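Encoded as structure tokens, the structure appears first; notes follow it.
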Amino acid sequence: MSKHVHEWLNAYHDNELYGSHLQQVEAHLAECPICQAELEALEKLTSLLDEVPAPEFTSPERFAAQVNLRLPRRQMTAPGKKILEIGWWMVPVGLLVSWVFVSTSFLVGEILSTANNLGLLTGVSNWLTFGPVNETDVSAALGQFGILSGNGLDWAASLEALTRTSMPMIIFQVSIALLYLSWIAIWWARRTRHARQPRGQLLES
Amino acid sequence: MTFPSTNETELVTQAQSGDRNAFSELVRLYSQGVMNVIYRMCGDAQIAEDAAQETFIRAWLHLSSYRPQTSLRSWLYRIAVNAAMDMLRKEKRILPNALEDLQLQDPRPGPEALFFEEDQITMVRKAVLALPDASRAVLVLREYEGMSYHEIADALDISPGTVMSRLNYARKLLKEKLERRLFIQMEVQHV
């Protein structure tokens, strides 16, 4: 005879067993008087519980009327609040749009700058072209005053050029990312609080 | 008059936008079930009605957080079970008194069979009320509301495996407490 199936008998009794578990329990029950008795006891327990009557409660109509009288005024969404809500959902969209806009502008600027430096824009109207940009003002000044010279001056010039060209973009990207992450964190916190509100304190295990 | 689920969804949507009549219709639909669950949890009809009112007021206040794709019954029963537990805590678990009241309601000695039946009902009710809260909630939803393990899991925010283990535990305790009754009933049926 196969192993007793005590732990599955409740689920079997409640029609909650399927597939191989169901077949296994049925096969075992067919040949095991101990498990049969256990199942019979479960069935008797259910009929004993059924015998306990529920009292006569207030009729549904009357009860609904009583509840209706006690219902507090629910705070409806005011128009101002609605606008704020729309504004809240526009925040990530705005961040995304500004990121796309600034990145595109930066890229176009870089392309124009490179083209200009290569002399490809000589025939183009003046508003699109601009003179060579001096990106090493500070290090040049430091060199003129004799504070820096040689390799030090070269390093300072490279660093200044790098800072002037890339730093604004890095700062911008990091700021957008931080704002976006903050928005997600607040959204998640609001959502979690919202989901827990009606639950009250759940039963302990 | 009963509403199909599509109608229930409409009622929920209307109630969510502040329609009290639609909400009253939902109260009417679920009042008996909610009162029954709370009564089985706490054993006192008056407390059950008070806690049921509390349940529907909480539901009204938090209706915006209810998602229509989930079961309204499970959502309401979750609030009901919590309201029952809150009420029991507030009333400092008056269950023993409720049981005594029940026994004192009809002191006249009736025919033996009737006495046995009443005694048996009292014993069973007492045994259910003596179960741990968490196991009792699962047993009540299964035995008196006929909910599936998944529905119970949704209502109590636990896994179906936990539902099964709590139900096994509750029934094991009940069988131990009501062993004699079960034995007698089985004997009678076999005779």
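Quick caveat: nothing in here was measured; it's all calculated off a predicted structure. Per chain, numbering begins at 1; letters A, B, ... match sequence-line order.
- Other residues, nucleotides and ligands place more than 12 heavy atoms under 6.0 Å from the CZ atom of A:Phe106.
- The closest side-chain heavy-atom distance from B:Val128 to A:Val52 is not below 4.5 Å.
- Within residues 140-147 of chain B, the residues having any heavy atom less than 4.5 Å from a heavy atom of chain A are, in residue-number order, B:Arg142, B:Glu143, B:Tyr144.
- Here the CG atom belonging to A:Leu45 is positioned 7.5 Å from the CG atom belonging to B:Leu139, to the nearest 0.5 angstrom.
- Contact of B:Ala83 with chain A is not made at all, since no heavy-atom distance falls under 4.5 Å.
- Atom-to-atom distance recorded for B:Leu174:CG and A:Leu49:CG is 6.0 Å, nearest 0.5 angstrom.
- Pairing each heavy atom of A:Ala64 with each of B:Val27, the nearest pair is CA-CG1, 3.7 Å.
- When each of A:Asn68, A:Asp50, A:Asp14 is checked for heavy-atom pairs under 4.5 Å with chain B, A:Asp14 comes out on top.
- Side-chain contact between A:Phe57 and B:Ser31: absent, with no pair of heavy atoms (C-beta onward) separated by less than 4.5 Å.
- No donor-acceptor distance shorter than 3.5 angstrom exists from the side chain of A:Glu51 to the backbone of B:Val124, with no hydrogens or angles considered.
- Within 6.0 Å of NE2 in A:His6 there are more than 12 heavy atoms belonging to other residues, nucleotides or ligands.
- Residues A:Arg70 and B:Glu54 form a side-chain contact, since some pair of their non-hydrogen atoms from C-beta on lies under 4.5 Å apart.
- For A:Glu16, the part lying under 4.5 angstrom from a heavy atom of chain B is the side chain only.
- A:Phe63 and B:Ala52 make their closest contact through CZ-CB, 3.6 Å (heavy atoms, listed as atom of the first residue, atom of the second, distance).
- The line from CD of A:Gln66 to OG of B:Ser24 is 11.5 Å long, rounded to the nearest 0.5 Å.
- At a 4.5 Å heavy-atom cutoff, the contact between B:Met35 and chain A is made by backbone and side-chain atoms alike.
- When side chains are defined from C-beta on, B:Glu49 does not count as touching A:Pro55, because their heavy atoms never get closer than 4.5 Å.
- Rounded to the nearest 0.5 Å, atoms CG (A:Asn10) and CG (B:Asn168) are 4.0 Å apart.
- Atom CG of A:Leu71 is separated from atom CD of B:Gln53 by 9.5 Å, given to the nearest 0.5 angstrom.
- Look at B:Arg171 and A:Glu38 and you find no salt bridge, because none of the NZ, NE, NH1 or NH2 atoms lies under 4.0 Å from a carboxylate O.
- One finds the OG atom of A:Ser59 at 10.0 Å from the CZ atom of B:Arg28 (value rounded to the nearest 0.5 Å).
- Listed in order of number, the residues of residues 88-104 of chain A that approach chain B to under 4.5 Å between heavy atoms amount to none.
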Handout entry: Test side chain to side chain contact (heavy atoms under 4.5 Å, CB included) applied to B:Lys175 and A:Lys44, step by step
Key = CA-CA 10 Å; B:Lys175 275 195 284 178; A:Lys44 298 300 167 229; over 6 Å; no
